[in-house]
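Have a look at the structure below before the remarks.
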Amino acid sequence: MTQDLNALTEAEFRIVVRKFLADNYPENLRNPPKRLHWRDNQVWYHTLARTGWLCPGWPVEHGGMGLSAARQIALTEEFERHGVARTNDHGIVMVGPLLIQYGTQAQRDFFLPKILAGEHIWCQGYSEPGAGSDLAGLRTSAVSDGDHWVVNGQKIWTTLANDANWIFLLVRTDPAAKKQEGISFLLVPMDTPGITVRPIINLELHDEFCEVFFDNVRVPKANTVGEVNKGWTVAKNLLGFERIFLGSPKLSAHALGRLRALADRMGAWDDAAFTDRYTALRLELEDLKSLHATFVDIVRRGEALGPDVSMLKVIQTELFQKITDAMMDIAGENAGLLEPMEGNRELHPSGLFIQARPSTIYGGSNEIQRNILSKNVLGLPG
Amino acid sequence: MTQDLNALTEAEFRIVVRKFLADNYPENLRNPPKRLHWRDNQVWYHTLARTGWLCPGWPVEHGGMGLSAARQIALTEEFERHGVARTNDHGIVMVGPLLIQYGTQAQRDFFLPKILAGEHIWCQGYSEPGAGSDLAGLRTSAVSDGDHWVVNGQKIWTTLANDANWIFLLVRTDPAAKKQEGISFLLVPMDTPGITVRPIINLELHDEFCEVFFDNVRVPKANTVGEVNKGWTVAKNLLGFERIFLGSPKLSAHALGRLRALADRMGAWDDAAFTDRYTALRLELEDLKSLHATFVDIVRRGEALGPDVSMLKVIQTELFQKITDAMMDIAGENAGLLEPMEGNRELHPSGLFIQARPSTIYGGSNEIQRNILSKNVLGLPG
Amino acid sequence: MSAAASDDANESVRLIRDSAAAIAPPGGDTRRIRALRFQDPGFDRGVWGTMCEMGWPGLLVAEADGGSALGMREYCALAEQLGAGLAPEPLIPASMAARLLSGADLAALLAGRHLVLPAWQERPNSLDTVGDTVIAGGKVTGRKCFVPMAAGADAFVVSGQGGLALVARGAPGLSIALEQTQDGGNFGTLSFADTPCTMLAGDMVAALEPAALATAAYLLGVMDRAFALTLDYLKTRHQFGRPIGSFQALQHRAADLKIQVALTRAGVESAAAAIDAGATGALALAAVSRAKARAADAAMLVTRQAIQLHGGIGYTDEADPGLYLRKAMVLSNLYGSAALHRARYAANAADQDD
Amino acid sequence: MSAAASDDANESVRLIRDSAAAIAPPGGDTRRIRALRFQDPGFDRGVWGTMCEMGWPGLLVAEADGGSALGMREYCALAEQLGAGLAPEPLIPASMAARLLSGADLAALLAGRHLVLPAWQERPNSLDTVGDTVIAGGKVTGRKCFVPMAAGADAFVVSGQGGLALVARGAPGLSIALEQTQDGGNFGTLSFADTPCTMLAGDMVAALEPAALATAAYLLGVMDRAFALTLDYLKTRHQFGRPIGSFQALQHRAADLKIQVALTRAGVESAAAAIDAGATGALALAAVSRAKARAADAAMLVTRQAIQLHGGIGYTDEADPGLYLRKAMVLSNLYGSAALHRARYAANAADQDD
């Protein structure tokens with residue numbers, strides 16, 4: 001099958017994907033208002049695992065679909081168009097590719113099949129209460145004790161940790177080293193004694209994020225990925241892809257569609273000031289699409305993304321917020337409702353407005369992205 | 001006369017001022033598009049001197065009108081309403097009050113009558129090519145030589161230096177001292193050998209600003225104001241008043257009137273997006289007026305202005321720019337014209353747009369004002 | 001205003017602020033606020049009783065009618081203080097109702113025994129108080145929406161074609177649908193079908209003005225407190241080995257927020273002073289619209305930035321900035337959105353000649 | 001486009017850029033630019049001749065008609081390069097005229113012997129090419145304005161009711177009033193009174209599109225270069241003992257300007273690619289409008305900020321940032337302002353379903 005999919009034209013490929021979704025995706029999970037938990041999406045997850053569609057980007061020899069970069073982009077677009085919910089995908093998009101690149105043969109042999117089978121559900125332990133924007137300032141420690149590490153500390157903003165049975169962790173293994181050195185990358189089963197998960201209720205009143213506490217947690221040294229004290233290199237590698245992902249215009253495109261529906265409902269088109277504002281948002285989205293396409297072309301050509309990809313994250317997240325700001329402005333008193341207007345999921349300005357808030361904070365806050373742009377792209381000093 | 005003026009009600013006082021202007025102000029000098037030179041405004045200047053209206057704020061015993069703060073504000077408002085051009089007023093608003101506060105009796109006896117008579121025209125030597133925003137970083141030096149200072153260095157942005165016969169100067173008299181210490185305040189005749197003035201053509205294609213070069217210029221030590229090495233205290237005193245002056249809503253009010261005239265001419269009122277934008281600018285102006293009034297009240301009560309007066313400068317100058325930005329947006333191709341549209345001074349969007357540019361740079365750039373607000377008002381660290 | 005009158009007003013404003021702060025400490029009682037959220041009726045009837053004992057719903061009511069006969073400056077100072085403390089009690093709608101009642105009805109409201117709320121709105125983004133509702137022959141028929149804290153009301157003042165009427169909560173033919181609001185309160189949608197009522201003589205349109213201005217003042221309190229919280233956070237939160245408030249980009253943003261708060265305060269205070277000085281008609285409408293337009297936009301800006309500047313923690317429900325954001329989301333568009341008030345300002349303020 | 005065709009296009013774009021940079025070095029020849037400012041005709045006829053030798057006015061013209069038959073990508077690359085170098089020579093209007101001429105007229109234009117410029121506009125803020133001008137019986141009567149660099153034209157292509165006509169500069173009944181423009185060039189207002197003309201067969205409306213898009217590209221060059229200048233200044237200018245570019249507030253502003261330049265480039269290149277790939281009708285109008293709207297706003301923003309970030313020196317006429325600001329002031333509203341193009345975009349781009 002995978003051979004065939006890469007050989008198809010893009011148009012043919014998209015038809016295959018659409019048919020696959022029409023045949024397999026549960027109708028009630030289309031465009032969910034909040035991030036789904038494992039209890040809700042595991043049936044779909046196992047469908048993907050069973051049909052071999054779970055890991056589009058993994059090479060065929062590791063059990064993936066082996067899709068080219070171009071095909072993966074088309075696949076993502078079709079999934080988004082269909083309103084497919086994001087799954088608990090950290091194992092698929094992060095741990096798998098990482099182990100393929102940095103893991104030992106033993107690690108690959110053990111972990112990859114468990115991910116492919118939907119048996120291991122992963123979460124990511126990077127941020128800490130004292131190390132948010134300053135990720136390299138993390139303090140969770142791992143102290144050597146024979147063939148184990150003993151981990152103590154706390155992680156925060158761990159997405160869906162309450163669904164996961166494994167976590168990948170950045171820990172400090174050399175407290176004397178400079179900030180970005182002395183960090184190692186560990187793989188830890190969530191049922192290890194000493195791990196406690198506490199869900200955080202966010203402004204959506206949803207428990208998507210968690211705190212994870214580590215109290216003398218013993219981790220086999222065999223679960224270290226890459227060299228000891230070189231974990232920052234491993235982790236950094238994952239951040240590049242995150243930015244083109246966070247810069248995808250699809251989220252803003254979706255929000256603009258909702259703004260249009262709201263404007264229809266509110267009769268806002270009679271107001272030329274709104275119409276001009278709407279058109280400016282549309283134009284910004286179209287320009288973002290054009291700019292995004294130039295970065296996608298880089299990926300398509302197999303070249304490395306530069307730090308200027310941070311522009312996409314800034315533009316996309318702030319456009320998303322500007323669109324939801326406009327919603328609040330035209331929604332009138334409905335802007336204050338907790339639930340969707342008239343029970344119609346499509347008309348939930350306050351919900352989307354709140355959903356847009358953290359986009360400029362996570363994945364490296366937009367302040368951090370602008371620091372990266374000014375220093376690593378524009379070469380400004382200090 | 002001055003006794004009478006303070007005793008009048010404000011309404012009566014304004015009537016007196018209006019009559020004075022109607023009787024005396026040259027019609028052809030109303031609302032000039034650019035800052036006037038001495039050759040153009042000296043007749044009016046001497047009229048003010050002759051009638052005793054030149055120095056409204058100076059105490060009566062020093063030859064001024066002795067007007068209260070409230071009367072001075074009303075006077076300024078009436079002058080602005082009438083479109084009275086700004087004169088070469090550094091002697092009146094800066095040097096005189098400064099000498100009254102910090103000068104020796106001999107300095108007061110010599111200089112004040114010359115200012116009152118319109119004989120001494122002053123300019124201000126603060127900024128230097130390497131010390132713009134960082135005013136305290138100035139490097140023009142004054143080295144002691146008997147009862148003289150020998151001044152070497154360069155000043156820049158000296159307004160109308162090409163009209164002045166005296167300059168007040170900040171110079172470094174102790175090169176070893178920390179930045180704001182070791183600075184002294186000197187009074188220097190412009191015809192002293194070694195002084196060269198070079199006008200700078202600005203974006204208005206006008207020579208309002210000058211560079212002033214000092215090459216072994218000998219200045220009597222008797223011309224030092226305040227203590228040697230304490231000139232910063234003297235100079236700082238002048239900056240507070242500058243900000244409430246630069247924050248006066250009158251400039252933006254004038255610009256908004258021009259925007260209205262342009263909108264009439266361009267038929268822009270048919271465009272609801274413009275109308276909403278215009279109303280937002282109007283509201284910002286009205287809010288600025290309300291905020292400005294609270295600071296004027298402080299002055300009226302004779303209390304000291306706090307550093308939060310920097311807000312006024314930021315709001316006013318950026319509003320002025322936003323208004324002229326709107327002009328450019330509706331002017332169509334006229335935005336590119338060098339001269340007024342149809343020869344009508346009231347319709348000169350490009351001219352006012354350019355005139356608005358430096359307002360966020362001079363008088364302490366708006367970046368500096370925001371630094372002041374964050375550190376001295378909000379107490380933010382560093 | 002003479003200097004003596006001005007001193008009196010300053011003193012009564014100070015007294016109001018002090019007593020308000022005792023009941024709704026600025027940012028100091030979020031435990032109470034959190035406990036009341038998303039529960040009916042969304043506020044504390046006991047605290048409401050205390051507010052009535054303080055005479056707050058009657059602040060603008062004449063002394064002969066049992067009120068305090070104070071001015072808009074005092075009312076705005078009170079509303080601002082309640083905003084700083086996020087007090088959910090429905091002081092603004094109840095004060096609006098107080099203007100529309102008289103006699104025993106008014107006395108019961110002011111005493112805190114009988115909570116009456118106005119039901120005037122039929123469409124979002126509108127200040128029209130009449131709509132399609134018909135009041136005739138002692139009956140009301142129609143539909144009113146966005147009645148804040150309707151869950152706790154004992155009766156409603158309803159406006160419509162035919163005048164103004166008082167309807168008891170339990171009146172036959174009245175059904176109430178409640179929707180939760182982001183701040184933990186509720187909006188009621190009231191459907192009347194031949195519902196018995198008693199006629200009133202008040203003017204709903206005029207009563208909207210103090211409510212709109214007080215809402216601007218409440219939003220001023222909300223943004224002022226959200227900004228103060230944020231400033232504290234900027235000074236104490238460290239990243240990269242220094243307080244985040246030492247980063248210039250954040251400093252300048254804080255300065256811009258400070259400017260918005262200052263402009264809002266200037267606008268609210270000048271509107272209140274103008275009305276206390278006797279401004280009426282278009283002048284008063286323009287003053288209220290200016291204050292409400294700025295307050296709505298500035299409150300949203302400041303509370304949005306409070307979330308952003310708090311980073312991840314700002315997005316948690318357990319941190320306080322979200323409480324201020326949600327309050328701004330509910331109140332910004334109440335009694336007219338910023339766009340509506342900009343348009344109303346343009347229609348009412350004479351343009352200048354200079 | 002196939003990979004091979006794309007490589008060809010990339011190569012011809014590179015060639016165009018190189019040859020343009022030789023004649024109009026980006027930011028490197030402001031002495032020439034300054035010498036030509038505010039002097040008639042506002043550009044250098046000799047340099048214009050060289051540009052014609054390079055085949056630039058005929059870039060889009062078919063080979064059979066003496067042109068190079070290249071695409072919009074090449075044309076935009078050329079215009080961008082000229083913008084970076086602030087070249088005042090009227091390439092864009094002359095290229096527009098080239099689309100409207102044929103035979104010997106066209107040959108004379110392309111050879112640089114006879115400079116023909118289009119005169120189509122009668123009102124500001126409008127893309128209407130007809131207006132009140134009447135062309136009939138071999139005579140033109142009417143008034144056209146905002147003809148860029150009219151001071152240097154030998155003839156004009158005039159549109160009006162009745163079609164399109166060629167009018168010699170010296171034709172009887174034609175009077176030309178010149179107004180100086182901020183960039184040192186000029187706008188001509190042409191009054192025709194029974195002025196003899198020869199009829200032409202071209203389409204003025206269609207000819208506007210490449211001119212509008214090339215103006216967006218020229219503005220891209222202007223802003224890109226103004227930004228580069230500013231970035232250099234941020235790195236070298238010291239205040240408070242450090243380069244001003246080390247201050248975070250300025251760094252973040254620079255990042256925002258970089259984003260505007262990048263969005264403009266993406267929009268211009270995607271419009272050029274769409275047209276080269278055969279886009280026509282509403283699709284092409286929308287693409288051009290998107291590019292021009294962004295370029296106009298971004299050019300004004302970037303050049304304004306270039307002044308601000310240069311501080312006092314930026315406000316002097318002898319510093320270069322002002323040259324870029326003035327160019328942006330003249331070109332941003334030419335061939336349609338940002339607001340006009342936003343409205344035209346909305347009228348022509350199909351809204352999406354997702």
Side-chain angles (χ1 to χ4, degrees), chain B residues 31 77 80-83 249-250 253-258 260-261 263-264 269 272 275-295 297 301 308-315 318-319 366-382, chain C residues 3 6 227-228 230-232 234-236 238 242-274 286-287 289-295 297-298 338-339 341-349 351-354:
Chain B
N31 288 314
E77 285 178 1
E80 282 170 344
R81 187 188 302 268
H82 194 77
K250 280 288 159 184
H254 171 73
L256 200 71
R258 296 296 170 93
R260 207 156 48 234
D264 289 345
W269 304 113
T275 304
D276 190 57
R277 182 178 182 184
Y278 172 79
T279 304
L281 293 170
R282 248 185 104 179
L283 285 167
E284 187 155 341
L285 174 62
E286 292 304 316
D287 287 345
L288 168 62
K289 283 183 187 170
S290 295
L291 185 62
H292 185 256
T294 68
F295 285 95
D297 278 346
R301 292 195 301 268
D308 54 347
V309 71
S310 283
M311 289 195 294
L312 292 181
K313 199 260 175 180
V314 171
I315 301 167
E318 294 178 9
L319 174 58
N366 286 21
E367 288 81 10
I368 294 293
Q369 306 296 342
R370 285 190 169 84
N371 286 346
I372 292 170
L373 288 171
S374 63
K375 281 167 195 144
N376 302 343
V377 177
L378 303 179
L380 289 172
Chain C
S6 167
F227 180 60
T230 303
L231 215 47
D232 280 351
L234 290 174
K235 290 173 188 175
T236 50
H238 281 65
R242 32 196 278 219
I244 60 173
S246 69
F247 287 95
Q248 198 191 30
L250 304 194
Q251 291 182 338
H252 284 200
R253 213 180 301 163
D256 287 337
L257 299 180
K258 168 72 183 171
I259 284 173
Q260 286 302 314
V261 176
L263 285 173
T264 307
R265 182 176 300 287
V268 167
E269 290 183 350
S270 109
S289 282
R290 169 153 78 89
K292 181 63 168 57
R294 169 74 57 188
D297 280 346
H341 279 291
R342 277 197 300 274
R344 200 180 80 151
Y345 175 86
N348 284 284
D351 223 329
Q352 315 239 329
D353 294 314
D354 61 326

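Naming: A, B, ... by sequence-line order, numbering from 1 per chain. Keep in mind the model is a prediction, meaning the values are calculated, not measured.
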What part of B/E80 is in contact with chain C, defined as an atom under 4.5 angstrom from a non-hydrogen atom: side chain, backbone, both or neither? neither

Sequence-distant partners of B/S310, side chain to side chain contact (heavy atoms under 4.5 Å, CB included), two or more places apart: B/R243, B/Q369, B/I372, B/L373

Taking the side chain as every heavy atom from C-beta outward, state whether B/E284 and C/R294 have any atom pair closer than 4.5 Å. yes

Would you give the length of the straight line joining atom [atom1] of [X] to atom [atom2] of [Y], rounded to the nearest 0.5 angstrom?
X: B/T279; Y: C/R344; atom1: OG1; atom2: CZ; result: 14.0 Å
X: C/D256; Y: B/M311; atom1: CG; atom2: CE; result: 11.5 Å
X: B/E286; Y: C/L263; atom1: CD; atom2: CG; result: 12.0 Å

Apply side chain to side chain contact (heavy atoms under 4.5 Å, CB included) to the pair B/E367 and C/Q248, showing each step before the final yes or no. CA-CA 10 Å; B/E367 288 81 10; C/Q248 198 191 30; 5.5 Å; no

Output a table of donor-acceptor pairs, distance under 3.5 Å, between side-chain atoms of residues 374-382 of chain B and any protein atom two or more places apart or on a different chain; print 'none' if there are none.
residue	atom	partner	partner atom	Å
B/S374	OG	B/R370	O	3.1
B/S374	OG	B/N371	O	3.1
B/K375	NZ	B/G382	O	3.4

Which atoms of C/F227 approach chain B - backbone, side chain, both or neither, heavy atom under 4.5 Å: side chain

Relative to chain B, which segment of C/E269 carries a heavy atom at a distance below 4.5 Å: side chain, backbone, both, or neither? neither

Under 3.5 Å, side chain of C/R342 to main-chain N/O of B/R277, donor-acceptor pair present? no

Judged by modelled atom types alone, do C/R265 and B/S290 share a side-chain donor-acceptor pair under 3.5 Å? no

Here the pair of heavy atoms bringing B/D287 nearest to C/G267 is OD1-CA, 4.1 Å

